[in-house]
Every structure is written in structure tokens, then in C-alpha cells.
Amino acid sequence: MDDSKYEFDYLDFQRRGYFGATSVPPDAPPPRNWKRTPWYGWAFAFARAKKGDFGALPHLLPLLEEDLGGTFEQAACILLGDAGPSDIFASLKETLKRHEGYDLSFYAAEAIASRGKLGDVPLLVAFHRATHNLPDIPSVPEMLSDILHPEGLLPLPDEFESVDDYCRMVERRWKELAERFGTTDVCLWLGEPTSTRRMAKSIVAKAREPYFPFSYRRKFEASTGIDCSAFYKADRSFQPLSASAIAEDFLASPRSAPFLDGTRYFFGNPLSD
């Protein structure tokens, strides 16, 4: 099998997003050897997850230990973060700890943050504390902002005198939300229980503003399975009218009715948390 036909540089959510990945045939068999054909394995797991079968996703976890390169590691962690049911995340947390400071640990952190579980915030804070001095690293504070703040604009570390001051601020916010919801066993997006309909409403609101976070498109596309390629032109310029139209059509259609607030979805399929 030609594994390279399923390989891609990265999931570009300012272009085709999930719809840029090469599909496997509907009757495609699972990989005979996941280590030898990791990209086919990714495509197979993705195809199954789109149908609500998440049983192939755990096979991606051991591949993260195979030194297959950052491109594959990032793609696997994005899919695991968006489509992974609850039992996936214990392994991702171990990956984060085992590879702390290396690229893989940041991909794992992004996957953990993508779920938005309030109970995972202390782990992400500790990870930031341990890695904040490393050069050229993904922004854990931005990940935390997307979980904890209504606009994704939690104050950033450079607004504080020390990393300890920043971490204490995040911990205070975490405790406020834990008290408000009466639990840390809740998945949040922008400070509220995750909601696909709220994602759509936020897209409509943000499309009117000068800056549109492409992470909104990723969350909405992953949750609904709606092709959001029209959010951007080929040159990656944002198209506010197209984005608003897609989100508004979703809100007005019967397709939005089954989506429950507080539940994560992947391509319209509910995920266990």
C-alpha cells in the first residue's frame, strides 16, 4: 500500500481543513501494520470517526512514540483532541508528561485543551510553568484562554511580573468557574459549557469584526462535519459573508436541533466525556 498518498503537510483550517485530507474508500480495511502505514491509519481512523465509530482512534496513540515526525504527530493529536472520547485523554496526558518540553508535548497539550475539560486546567498550568522559558513554543496561555475566557482573551503572561503571578491568575479563574458550575467535570469553550449552536452564533458575531480566529472554524467544522472551506479564499483571506451564511444556515436548519449544549460532537456524533 502506498502510504504517502494519504500524507499531508498539515490540517490547514484557513483552507480546506478536515476536507483537505485524502479519504479512504468506504469499505477500506484497517491497516495490517499501523507502524508501517501510519498515514493510511490516520485516514482510516478519521473515516471511521466521521461515522461515529471511534474504535480506531486508540491505535494512533502508540504511533506517537514511533518518532514518525512532527507532521504526523500534530495531525494525530489534532484528530485525537477533536474526536477523542474520554478514555483517550489519560494517554495524551501521559504523552505530555513523558515528552515535556519537546514538540510532541505541545501537540498533546493542544489536544487536551481542545476538549476543554475544566479539570485539565491545573495540568496545563503546570505544563506552562515548566516550559514557558523555552524558545519558539506554541502558546499554552492561548489554549487556556479558549477554555476559560468568554472572548478567549484571558490576560497573557507578559502582562504580569512573573510566571507565578500569571499562573495564580489562571488558577483563580479556574476556581471561579469550578464554583460556578459546581464541578470541574465539564467541557468548556470560551468560559461556558461547550455548545455547537453557540459556536455558530459566535462565528456570525465574529465575522463582523476585523479579526476572525480560525480556531472557531476548526471547532465548528469538527463538531458538525460541515465543510467550511468557503470561510477562506485560496490565499487564506477570510470571507465574512460566506462564513456567516454557513453558520446561519446551520442555525436555521433542522440539522442543528440534535446538538445539545454541554456535549462534544465530532461530525455530528456525540462524544463521551
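Because only heavy atoms are used, hydrogens play no part in the values below, and waters and symmetry mates are left out as well, while side chains stay in. For this chain, numbers begin at 1 and follow the sequence in order.
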Next item on the list: Evaluate side chain to side chain contact (heavy atoms under 4.5 Å, CB included) for Thr224 paired with Phe267, printing each intermediate quantity in order.
Entry: CA-CA 5 Å; Thr224 62; Phe267 276 65; over 6 Å; no
Give a yes-or-no answer on whether the side chains of [X] and [Y] include a donor-acceptor pair shorter than 3.5 Å.
X      : Y      : answer
Asp9   : Thr71  : no
Ser195 : Asp261 : yes
Ser256 : Arg197 : yes

In the structure I gave you, are the side-chain heavy atoms of [X] and [Y] within less than 4.5 Å of one another anywhere?
X      : Y      : answer
Asn269 : Lys50  : no
Pro240 : Arg208 : no
Leu190 : Pro150 : no
Met143 : Ser114 : no
Asp185 : Lys117 : yes
Trp189 : Lys219 : yes

Next item on the list: Could you check Phe231 against Phe13 for ring pair (Phe, Tyr, Trp, His ring centres under 6.0 Å), going step by step and ending with a plain yes or no?
Entry: CA-CA 9 Å; Phe231 275 39; Phe13 291 99; over 10 Å; no
Item checked: Smallest separation among heavy atoms of Gln239 and Ala230, with atom names ->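 Residues Gln239 and Ala230, closest heavy atoms: CB-O, 3.7 Å.
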What pairs of donor and acceptor atoms, side-chain ones from residues 85-95 against any protein atom, are under 3.5 angstrom apart with sequence neighbours left out?
{"residue": "Lys93", "atom": "NZ", "partner": "Asp120", "partner atom": "OD1", "Å": "2.7"}
{"residue": "Thr95", "atom": "OG1", "partner": "Ser91", "partner atom": "O", "Å": "3.1"}

Next item on the list: Run the numbers on Thr194 and Tyr265 for side chain to side chain contact (heavy atoms under 4.5 Å, CB included), then give the verdict.
Entry: CA-CA 10 Å; Thr194 189; Tyr265 292 87; over 6 Å; no
Under 4.0 Å between a side-chain nitrogen and a carboxylate oxygen: does that hold for [X] and [Y]?
X      : Y      : answer
Arg16  : Asp227 : yes
Arg129 : Asp164 : yes
Glu176 : Arg173 : yes
Glu110 : Arg218 : yes

Check: When you look at Leu118 and Trp174, which way does the side chain to side chain contact (heavy atoms under 4.5 Å, CB included) test go after all the steps?
Finding: CA-CA 7 Å; Leu118 187 57; Trp174 173 72; 3.4 Å; yes
Next item on the list: Give every residue pair that meets the salt bridge (Lys or Arg N to Asp or Glu O under 4.0 Å) criterion with at least one member in residues 232-251, sequence neighbours excluded.
Entry: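 Matches after skipping sequence neighbours: Asp12-Arg236.
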Margin query: Can you classify the ring geometry of Tyr18 versus Phe46 as parallel (below 30°), tilted (30 to 60°) or perpendicular (above 60°)?
Written below: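 The arrangement is parallel - the two ring planes meet at less than 30°.
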Next item on the list: Test Phe72 against every option in Trp39, Trp34, Tyr6 by the ring pair (Phe, Tyr, Trp, His ring centres under 6.0 Å) rule and name the one that passes.
Entry: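 Single pass found, and it is Trp39.
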Notebook entry, point to check: Can you list the steps and then say if Phe214 with Phe238 is a ring pair (Phe, Tyr, Trp, His ring centres under 6.0 Å)?
Noted result: CA-CA 9 Å; Phe214 68 84; Phe238 179 60; over 10 Å; no
Check: For Lys206, which residues count as a salt bridge (Lys or Arg N to Asp or Glu O under 4.0 Å) partner, sequence neighbours excluded?
Finding: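 Counting only residues at least two positions away or on another chain, Lys206 forms a salt bridge (Lys or Arg N to Asp or Glu O under 4.0 Å) with Glu151, Glu209.
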